[in-house]
There are 2 protein chains.
Amino acid sequence: MDKTNNIFQTLSDPNRLRILKMLQARSLCVCEITSVLEIGTSTVSNHLSILKKDGFIIDEKEGKWVNYKINPRPADDRVSSILSTLDFWIADETSIINDKKKLANVNRITLCMK
Amino acid sequence: MDKTNNIFQTLSDPNRLRILKMLQARSLCVCEITSVLEIGTSTVSNHLSILKKDGFIIDEKEGKWVNYKINPRPADDRVSSILSTLDFWIADETSIINDKKKLANVNRITLCMK
DNA sequence: TTCTTATTTCGTTTTTTATCGAAATGTTGA
DNA sequence: TCAACATTTCGATAAAAAACGAAATAAGAA
C-alpha cells in the first residue's frame with residue numbers, strides 16, 4: 001500500500017505532472033525544465049529526485065549536464081501504466097500546451113551559458 | 001489539470017484508499033468506517049466529503065445514519081477507471097486484509113447504540 | 001590548477017493537509 | 001415536546017510537503 005500511496009502522492013503535484021508531460025516530448029536537462037516551470041533550480045531538482053525514486057524517470061550524465069528522460073522500462077506495473085496513459089489523465093490543457101510552446105524555444109546552450 | 005491533480009491528491013492518502021476498498025466490499029455508515037480506521041469521526045467525515053466531491057462515492061440517508069457507497073456511475077472517466085482498477089493499484093496488503101477482517105465483525109447497531 | 005557552470009544537498013520558511021475536540025445540525029423514538 | 005445519537009461543521013493544533021537561497025559537489029574549459 002505504501003508504494004501505491006507514494007505513486008499517487010508523486011502524481012498529486014502539478015509541477016511534477018508538468019515535468020512528466022515535458023519529458024514525454026523530449027529529454028531535458030534541469031536548467032531547461034527550470035526555465036519552463038519558473039521555480040527555483042533546487043525545487044526542480046527535488047521534484048526530479050522524487051519522480052526518479054518512484055521509477056517514472058531516469059537520468060544520464062552528459063558532461064556538465066544531467067539529462068532526465070522518461071524511464072523506458074519501469075519495474076513497477078503501476079508506473080508503466082501511468083506513463084502509457086498520461087494523455088488520458090491529463091487532457092491537453094492550458095498549462096501543458098503552454099509548456100510545450102515554451103519548450104520549443106528552449107535551448108540549453110543559450111539558456112545556461114550566460 | 002486541476003481535476004487530475006485533485007484525483008491524485010485524493011488517492012494519496014492511505015485512509016482514503018482504505019475507505020474506497022472497504023466500500024467496494026459493502027456500503028457502510030460513518031461510524032462503521034470510523035471503528036475500522038480508528039481515527040476521529042470528524043476526520044472520517046472529512047475524508048468522505050473529499051471522496052464524494054471527486055465523485056468516487058455517494059451518500060444516502062437512512063434514518064439517523066448516512067450510508068456511503070461507491071459511485072456506480074461516475075461522471076468522470078478517470079474516476080471510473082480508478083474504481084475499476086483499484087485491485088491493480090492496491091494489491092492485497094496487510095492493512096487492507098486486516099480492514100476486511102474487522103469489517104466482518106462490525107455491525108452498526110451494536111456499534112453505535114451503546 | 002583555477003575558474004565557470006550545472007546540479008544537488010542542506011537548513012529554513014511558508015503553505016498545505018490531517019487530525020482532533022467541541023459545538024451545531026438533523027433524525028429517531030420516548 | 002425532550003432525550004439520545006449519528007453526522008457534519010468549525011476552530012485550533014500538529015504533521016507533512018513545497019519552495020527558497022546558500023553552500024557543497026562535480027565536470028568541463030582556460
Side-chain angles (χ1 to χ4, degrees), chain A residues 1-2 5-20 23 27-54 57-69 95 106-114, chain B residues 1-2 5-20 23 27-54 57-69 95 106-114:
Chain A
M1 174 103 120
D2 274 352
N5 268 288
N6 285 343
I7 291 175
F8 285 136
Q9 186 152 357
T10 294
L11 296 168
S12 73
D13 182 277
N15 286 328
R16 286 194 288 267
L17 286 182
R18 288 169 70 190
I19 291 174
L20 283 182
L23 292 179
S27 300
L28 295 165
C29 68
V30 180
C31 69
E32 290 172 311
I33 297 170
T34 302
S35 88
V36 173
L37 293 186
E38 294 175 20
I39 55 179
T41 313
S42 61
T43 305
V44 171
S45 181
N46 188 49
H47 283 313
L48 289 166
S49 79
I50 290 169
L51 286 165
K52 183 180 163 191
K53 189 159 63 64
D54 279 351
I57 62 178
I58 58 176
D59 61 348
E60 276 173 6
K61 277 217 138 159
E62 182 189 341
K64 187 159 42 173
W65 289 287
V66 179
N67 286 329
Y68 281 90
K69 50 182 68 174
S95 68
V106 155
N107 177 307
R108 86 179 53 174
I109 305 296
T110 57
L111 188 68
C112 305
M113 281 183 146
K114 52 169 184 225
Chain B
M1 173 102 120
D2 275 350
N5 268 287
N6 285 343
I7 291 174
F8 284 135
Q9 185 152 356
T10 294
L11 297 168
S12 72
D13 183 276
N15 286 328
R16 287 194 286 268
L17 286 182
R18 288 169 71 188
I19 291 174
L20 283 182
L23 291 179
S27 300
L28 295 164
C29 69
V30 181
C31 70
E32 290 171 312
I33 297 170
T34 302
S35 88
V36 173
L37 293 186
E38 293 175 22
I39 56 180
T41 312
S42 62
T43 305
V44 171
S45 180
N46 187 49
H47 284 313
L48 289 166
S49 79
I50 291 169
L51 288 165
K52 183 181 163 189
K53 189 159 64 62
D54 279 351
I57 62 178
I58 58 176
D59 60 348
E60 277 172 6
K61 277 217 139 159
E62 183 189 340
K64 190 157 45 173
W65 289 286
V66 179
N67 285 330
Y68 281 92
K69 51 183 67 174
S95 66
V106 155
N107 176 307
R108 88 180 53 172
I109 304 294
T110 57
L111 189 66
C112 305
M113 282 182 146
K114 51 161 187 232

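Chain identifiers are assigned alphabetically (A, B, ...) following the order of the sequence lines, protein sequences preceding nucleic acid strands; residue numbering begins at 1 within each chain. Bear in mind the structure is a predicted one, so any value in this text is a computation, not a measurement.
In this structure, B:K69 and B:L23 have side chains that are not in contact, with every pair of non-hydrogen atoms separated by 4.5 Å or more. Contact annotation: the side chain of B:T34 never approaches that of B:T43 to less than 4.5 Å [non-hydrogen atoms, C-beta and beyond]. At a threshold of 4.5 Å between non-hydrogen side-chain atoms, the residues A:D54 and A:Q9 do not count as touching.
Minimum interatomic distance between A:V106 and A:S35 (heavy atoms only, all atoms of both residues): CG2-OG, 3.5 Å.
Using a 4.0 Å cut-off, some side-chain N or O of B:Y68 falls inside it from OP1 or OP2 of D:dT8. The phosphate of D:dA18 (OP1 or OP2) has a side-chain N or O of A:R16 nearer than 4.0 angstrom. Proximity of B:K64 to the phosphate of C:dG26: no side-chain N or O atom is located under 4.0 Å from OP1 or OP2.
A:I39 places its CD1 atom 21 Å from the P atom of C:dT13, with the value rounded to the nearest Å. Distance CZ (A:R18) to C1' (D:dA19): 15 Å, rounded to an integer number of Å. Taking atom CG of residue B:N67 and atom P of nucleotide C:dT27, one finds them 15 Å apart after rounding to whole Å. In this structure, A:L37 places its CG atom 13 Å from C1' of D:dA18, rounding to the nearest Å. Rounded to whole angstrom, the span from the CD atom of A:E62 across to the P atom of C:dT5 amounts to 18 Å. The separation between A:R108 atom CZ and D:dG28 atom C1' is 15 Å, rounded to whole Å. Following rounding to the nearest Å, B:E38 (CD) and C:dC20 (P) show an atom-to-atom distance of 11 Å. Taking atom CG of A:D13 as the reference point, atom C1' of C:dT17 lies 14 Å away to the nearest angstrom.
If you take CD1 on A:I19 and NE2 on A:H47, they are separated by 6.0 Å, rounding to the nearest 0.5 Å. Atom CG in A:L51 sits 8.0 Å away from atom CG in A:L11 (nearest 0.5 Å).
Using modelled atom types, one side-chain atom of A:T10 and one backbone atom of A:N6 make a donor-acceptor pair closer than 3.5 Å.
The side chain of B:Q9 lies closest to C:dT16, out of C:dC20, C:dT16, D:dC20. Set against C:dT8, D:dT8, C:dA6, the side chain of A:W65 has C:dA6 as its closest nucleotide. Residue B:V30 has its side chain nearest to D:dT8 when only C:dT8, D:dT8, D:dA19 are considered.
At a non-hydrogen distance threshold of 4.0 Å, A:G40, A:S42, A:T43, A:H47 from residues 40-52 of chain A come into contact with DNA chain D.
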